[in-house]
Amino acid sequence: MNHTPPTEQRPPAPWSDAAVVHRPIDEVSVNPTNARTHSPAQIRKIKRSLEQFGFITPVLIDRDDRIVAGHGRVRAAKALGLGTVPTLRLDGLTEAQCRAYALADNKTAELAGWDPELLRLELGAVLELDSRFDL
């Protein structure tokens, strides 16, 4: 049985209909109220991820092109010398909602856990598919 509520009961998507736009990296600005920190080691890991997989997750920006989510990805992209970053503008959110989302997005990821057995199996499967893969 489908438990998805009818469309008219769901809030509208907070992003514009324009979808992902590649913007010059210097056009997106760091949010001075961003409470999340990124160590040099973490930026190196994000750089490796961008090199291995590309820029899969767009940077979320507000109406003023300020970063809502993706500060670490932008820092890593700058360190790699990338000229543009994919962005998704959150036109449908107020400033308060953007700030609350930034906090919630970081906190929910931080609170997640791992199933050690499934993690072991998944890491093994990746290495079985490509033994040279940098985990």
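Index from 1, following the sequence.
Judged as a side-chain hydrogen bond (donor to acceptor under 3.5 Å, both in side chains), and not counting sequence neighbours, the contacts of H38 are Q42. In this view, E117 and R120 satisfy the side-chain hydrogen bond (donor to acceptor under 3.5 Å, both in side chains) rule, not counting sequence neighbours. Evaluation of the side-chain hydrogen bond (donor to acceptor under 3.5 Å, both in side chains) rule for N106 yields no partner, not counting sequence neighbours. In terms of the side-chain contact (heavy atoms from CB on, under 4.5 Å) criterion, residue partners of L119 (sequence neighbours excluded) are, by chain and number, W114, L123. Residues satisfying the salt bridge (Lys or Arg N to Asp or Glu O under 4.0 Å) test with D115, not counting sequence neighbours, are none. With sequence neighbours left out, T108 forms a side-chain hydrogen bond (donor to acceptor under 3.5 Å, both in side chains) with no residue at all. In terms of the salt bridge (Lys or Arg N to Asp or Glu O under 4.0 Å) criterion, D26 has no residue partners (sequence neighbours excluded).
Considering all non-hydrogen atoms of both residues, C98 and V68 come closest at O-CG1, 3.5 Å. Considering all non-hydrogen atoms of both residues, V20 and P86 come closest at CG1-CB, 3.6 Å.
Within a 6.0 Å radius of CD in Q52, other residues, nucleotides and ligands contribute more than 12 heavy atoms.
Under a hydrophobic clustering in which Ile, Leu, Val, Met, Phe, Trp and Tyr are joined whenever their side-chain heavy atoms come within less than 4.5 Å, directly or via other members, L118 and F133 fall into different clusters.
Side-chain N or O atoms of D64 include none that pairs as donor or acceptor with a backbone N or O of R66 at under 3.5 Å.
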Using side-chain contact (heavy atoms from CB on, under 4.5 Å), reason through R89 and V21 one step at a time and then give a plain yes or no. CA-CA 8 Å; R89 187 183 303 276; V21 174; over 6 Å; no
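Judged as a salt bridge (charged side-chain N to carboxylate O under 4.0 Å, His left out), the pairs with a partner in residues 93-105 (not counting sequence neighbours) are, in order, E95-R99. For residues 34-58, the pairs satisfying salt bridge (charged side-chain N to carboxylate O under 4.0 Å, His left out) are R36-E110, R48-D134, with sequence neighbours left out. Applying the salt bridge (charged side-chain N to carboxylate O under 4.0 Å, His left out) rule to pairs touching residues 74-87 yields nothing, sequence neighbours excluded.
Taking Ile, Leu, Val, Met, Phe, Trp and Tyr as members and joining any whose side-chain heavy atoms lie under 4.5 Å apart, directly or through other members, the hydrophobic cluster of V59 also contains I25, V28, I43, I46, L50, F55, I61, I67, V74, L80, L82, V85. Grouping Ile, Leu, Val, Met, Phe, Trp and Tyr residues whose side-chain heavy atoms lie under 4.5 Å apart, directly or via other members, leaves L111 alone, with no other cluster members.
With rounding to the nearest 0.5 Å, the separation of CG in D62 from CD in Q97 is 12.5 Å. Put simply, CZ on R23 and OG1 on T84 are 11.0 Å apart, with the number rounded to the nearest 0.5 Å.
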